[in-house]
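In this text, all values refer to a predicted model and were calculated from it rather than measured experimentally. Only this structure's heavy atoms are used, side chains among them; waters, hydrogens and symmetry mates stay out.
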Amino acid sequence: LHLSLRRQRQMCIRDRDRLDPGKASDHEYGEIITMSAINEKAVNGTQLQRTHKKIYRHLMPLLIVAYIISFIDRTNIGMAKATMSVDIGLSATAFGLGAGLFFLTYAVLEIPSNLFLTRIGARRWIARIMITWGILSCGMAFVTGPTSFYVMRLLLGAAEAGLYPGIIYYLTLWFGREERAKATGLFLLGVCLANIIGAPLGGLLLSLDGMSGWHGWQWMFFIEGLPAIALAFVVWRRLPDKPADARWLDSDDVQAINAVLAKEAEETRHTPSRFSLKTALSTRVFLLLVLIYFTHQFSVYGLSYFLPGIIGSWGQLTPLQIGLLTAMPWIAAAAGGILLPRFARTEQRSRSMLMAGYLVMATGMAIGAIAGHAVALLGFSLAAFMFFAMQSIIFNWLPSIMSGHMLAGSFGLLNCLGLCGGFLGPFILGAFEDRTGAATSGLWFAVALLIIGALVSLFLKSSSSPGSVSAKQAHGEKV
């Protein structure tokens with residue numbers, strides 16, 4: 001291609017000299033340079049597409065499987081709620097408190113965990129996280145009462161802290177801003193697949209009740225904790241810390257990734273290179289994202305922990321039947337996670353999708369609270385369809401205003417503060433259930449929060465905050 005362009009340039013120069021030897025043709029020279037730039041851009045785009053295909057093929061499956069196992073181990077108590085609550089004496093409020101306590105230590109340790117990941121590398125740190133949470137997940141089989149239940153949930157949260165924001169930061173080392181929305185959406189499929197797989201699997205394992213003197217929920221916790229330990233060794237051997245370490249990428253692939261990331265780093269060069277809590281908390285866009293994410297996590301985890309109980313209250317259903325019905329909204333969530341994030345390519349479109357998505361989630365939750373069984377399940381599916389598309393948009397907003405260690409720490413801080421909703425959601429839904437006797441009564445609290453989140457999303461304008469993208473980008477260009 002370059003030889004061809006050089007020949008074209010030489011031919012133009014010869015024609016110019018023959019027609020008017022004393023006059024330089026700026027017009028023809030400009031045409032050649034423009035053609036060169038266009039072709040170079042096309043070549044770079046093609047190279048980047050090939051590179052992305054390699055990353056999706058070699059890297060994303062491992063990350064998705066890790067997150068599937070993670071989410072199964074943190075939410076499988078939803079399937080165990082009915083029988084475990086009777087066996088160890090838990091009220092709905094106590095169960096909701098224990099479910100939420102996971103997020104207390106998880107949130108507190110998010111930032112230091114993410115900063116450790118940037119220092120020692122994703123391979124070592126993610127493998128460490130998986131081993132410790134796998135061991136503690138198995139240990140959930142030995143809880144004997146409310147106190148041990150609370151302690152084990154706190155320890156499990158501490159062990160798993162940093163996995164999600166760490167991987168979200170890790171993706172910023174591999175993808176540019178435009179492609180990262182798609183990659184994040186695919187990664188969040190792990191949550192959907194965890195519920196699609198985990199709920200029926202949990203129902204089957206609960207049927208082991210009485211075998212070798214163990215309750216079914218004890219078998220479920222112990223067996224479902226083992227895959228995390230096994231996968232940790234796969235992560236240790238196969239997960240590269242950065243593109244340059246990946247044996248399945250060649251030098252052209254690495255250069256293509258570095259070129260995109262260097263361009264984005266230049267756009268955000270005015271942001272601090274080190275993480276600053278004060279800077280993050282004084283950034284208006286960041287605070288708005290925290291509030292929006294809080295309302296999101298309240299609904300996601302409230303539904304994750306209480307949906308099996310809501311479905312179980314619909315009649316005489318076996319654990320497997322409850323598991324299969326519980327999986328249906330998460331199939332919708334998987335579809336939303338695949339189909340929607342790719343459309344959030346500009347700031348204006350992302351903001352519109354957030355507002356519309358939150359209103360759809362509120363509508364679905366309201367339908368689930370008041371409708372009959374079949375329609376209620378459709379309502380929950382409608383809400384779940386938006387869950388992880390919205391989460392992808394929220395987390396892909398940060399790289400538009402931050403970079404480097406500031407971005408890594410802010411990912412952790414956003415997840416930390418937003419997950420307060422993950423703590424309050426199960427607790428408030430459990431308290432409402434104890435007070436009213438209806439498992440769906442707390443859903444109205446989630447509806448109200450989602451409407452607030454939709455209204456707050458209207459004020460997201462990165463061009464008006466410190467460390468933001470340019471005004472030109474804020475008015476609709478790709479960010």
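Smallest separation of non-hydrogen atoms from Ile322 and Gly312: CD1-CA, 3.8 Å. The two residues Ala161 and Thr105 make their nearest non-hydrogen contact at CB-O, 4.3 Å. Scanning all heavy atoms of the two residues, the minimum distance from Thr75 to Tyr301 falls at CG2-CE2, 4.3 Å. Heavy atoms only, all atoms of each residue included: Asn396 and Ser392 are closest at ND2-O, 2.8 Å. Residues Asp241 and Tyr170 come closest through the heavy atom pair O-CE1, 3.5 Å. In terms of heavy-atom proximity, Ala256 sits nearest to Thr51 at CB-OG1, 4.2 Å.
Separation of the Tyr56 and Phe175 ring centroids falls under the 6.0 Å cut-off. Ring centers of Tyr164 and Phe395: under 6.0 Å apart, within the cut-off.
Side-chain contact between Leu101 and Leu104: present, with at least one pair of heavy atoms (C-beta onward) separated by less than 4.5 Å. Within the 4.5 Å cutoff, the side chain of Ile292 has heavy atoms near those of the Leu460 side chain. Between Phe187 and Ile168 there is a side-chain heavy-atom pair separated by less than 4.5 Å. Using a 4.5 Å cut-off on side-chain heavy atoms (C-beta onward), Arg351 and Phe459 make no contact. With a 4.5 Å cut-off on side-chain heavy atoms, Leu239 and Leu59 count as touching. Side-chain contact between Glu110 and Leu419 is present, with heavy atoms from C-beta onward closer than 4.5 Å. A heavy-atom distance below 4.5 Å is found between the side chains of Val234 and Leu62. At least one side-chain heavy atom of Phe71 sits under 4.5 Å from a side-chain heavy atom of Ser304.
The only option from Leu281, Leu291, Leu289 that meets the side-chain contact (heavy atoms from CB on, under 4.5 Å) definition with Leu417 turns out to be Leu281.
The aromatic rings of His58 and Trp248 lie parallel to each other, with less than 30° between the two planes, well short of the 60° mark.
Remark: the Gln47 side chain and the Asp252 side chain contain no N/O donor-acceptor pair separated by less than 3.5 Å. Under 3.5 Å, the side chains of Tyr293 and Asn415 contain a donor-acceptor pair of N or O atoms. Between the side chains of Ser70 and Glu160, at least one donor-acceptor pair of N or O atoms lies under 3.5 Å.
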- request: List the steps, then state whether ring pair (Phe, Tyr, Trp, His ring centres under 6.0 Å) holds for Phe423 with Phe298.
  value: CA-CA 8 Å; Phe423 167 71; Phe298 184 100; over 10 Å; no

Working for salt bridge (charged side-chain N to carboxylate O under 4.0 Å, His left out), residues Lys53 and Glu179: CA-CA 11 Å; Lys53 287 180 181 179; Glu179 193 68 22; over 6 Å; no

message: side-chain contact (heavy atoms from CB on, under 4.5 Å), that's the test. Do Val360 and Leu382 meet it? Break it down for me.
response: CA-CA 7 Å; Val360 169; Leu382 178 64; 3.8 Å; yes

task: Would you sort out whether Phe380 and Trp330 count as a side-chain contact (heavy atoms from CB on, under 4.5 Å), showing the intermediate values?
output: CA-CA 9 Å; Phe380 291 135; Trp330 302 106; over 6 Å; no

- request: May I have the step-by-step check of side-chain contact (heavy atoms from CB on, under 4.5 Å) for Asn114 and Tyr169, ending in yes or no?
  value: CA-CA 8 Å; Asn114 235 32; Tyr169 170 74; 4.2 Å; yes

message: Could you walk me through whether Phe306 and Glu433 satisfy the side-chain contact (heavy atoms from CB on, under 4.5 Å) test, starting with their C-alpha distance in whole Å, then the side-chain angles of each, then the deciding distance to 0.1 Å, before giving a yes or no?
response: CA-CA 10 Å; Phe306 279 82; Glu433 182 180 339; 3.4 Å; yes

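Ion pair Asp253/Lys54 flagged as a salt bridge, since at least one NZ, NE, NH1 or NH2 atom sits closer than 4.0 Å to an Asp/Glu carboxylate oxygen.
No donor-acceptor distance shorter than 3.5 angstrom exists from the side chain of Ser137 to the backbone of Trp133, with no hydrogens or angles considered. Between the side chain of Arg153 and the backbone N or O of Ala99, at least one donor-acceptor pair lies under 3.5 Å.
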Kindly list each side-chain donor-acceptor pair under 3.5 angstrom involving residues 120-130, sequence neighbours excluded, with atom names and distances?
{"unit_1": "Arg123", "atom_1": "NH1", "unit_2": "Trp236", "atom_2": "O", "d": "2.9"}
{"unit_1": "Arg124", "atom_1": "NH1", "unit_2": "Ile120", "atom_2": "O", "d": "3.2"}
{"unit_1": "Trp125", "atom_1": "NE1", "unit_2": "Ser113", "atom_2": "O", "d": "3.2"}
{"unit_1": "Trp125", "atom_1": "NE1", "unit_2": "Ser113", "atom_2": "OG", "d": "2.8"}
{"unit_1": "Arg128", "atom_1": "NH1", "unit_2": "Thr132", "atom_2": "OG1", "d": "3.1"}

Below 3.5 Å, can you tabulate the donor-acceptor pairs from side chains in residues 440-457 to any protein atom, sequence neighbours excluded?
{"unit_1": "Ser441", "atom_1": "OG", "unit_2": "Phe432", "atom_2": "O", "d": "3.4"}
{"unit_1": "Ser441", "atom_1": "OG", "unit_2": "Thr436", "atom_2": "OG1", "d": "2.8"}
{"unit_1": "Ser441", "atom_1": "OG", "unit_2": "Ala438", "atom_2": "O", "d": "3.0"}
{"unit_1": "Ser457", "atom_1": "OG", "unit_2": "Ala454", "atom_2": "O", "d": "2.6"}

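Taking CG from Leu324 and CD1 from Ile196, the interatomic distance works out to 11.5 Å, rounded to the nearest 0.5 Å. Atoms OG1 and CG, from Thr93 and Leu429 in turn, are 10.5 Å apart once rounded to the nearest 0.5 Å. Here the CE-CG distance, from Met220 to Asn76, works out to 4.0 Å after rounding to the nearest 0.5 Å. The CZ atom of Phe103 sits 12.5 Å away from the SG atom of Cys416 when rounded to the nearest 0.5 Å. With rounding to the nearest 0.5 angstrom, the CG atom of Leu171 is 10.0 Å from the CH2 atom of Trp174. Taken from NE2 in His373 to CG in Leu325, the straight-line distance is 11.0 Å, to the nearest 0.5 Å.
With sequence neighbours left out, Lys242 forms a salt bridge (charged side-chain N to carboxylate O under 4.0 Å, His left out) with Asp245.
Counting heavy-atom neighbours within 6.0 Å of Met328 CE, excluding the residue itself, gives a total of 12 or less. Atom CZ of Arg237 sits in a sparse spot, with 12 or fewer heavy atoms from other residues, nucleotides or ligands closer than 6.0 Å.
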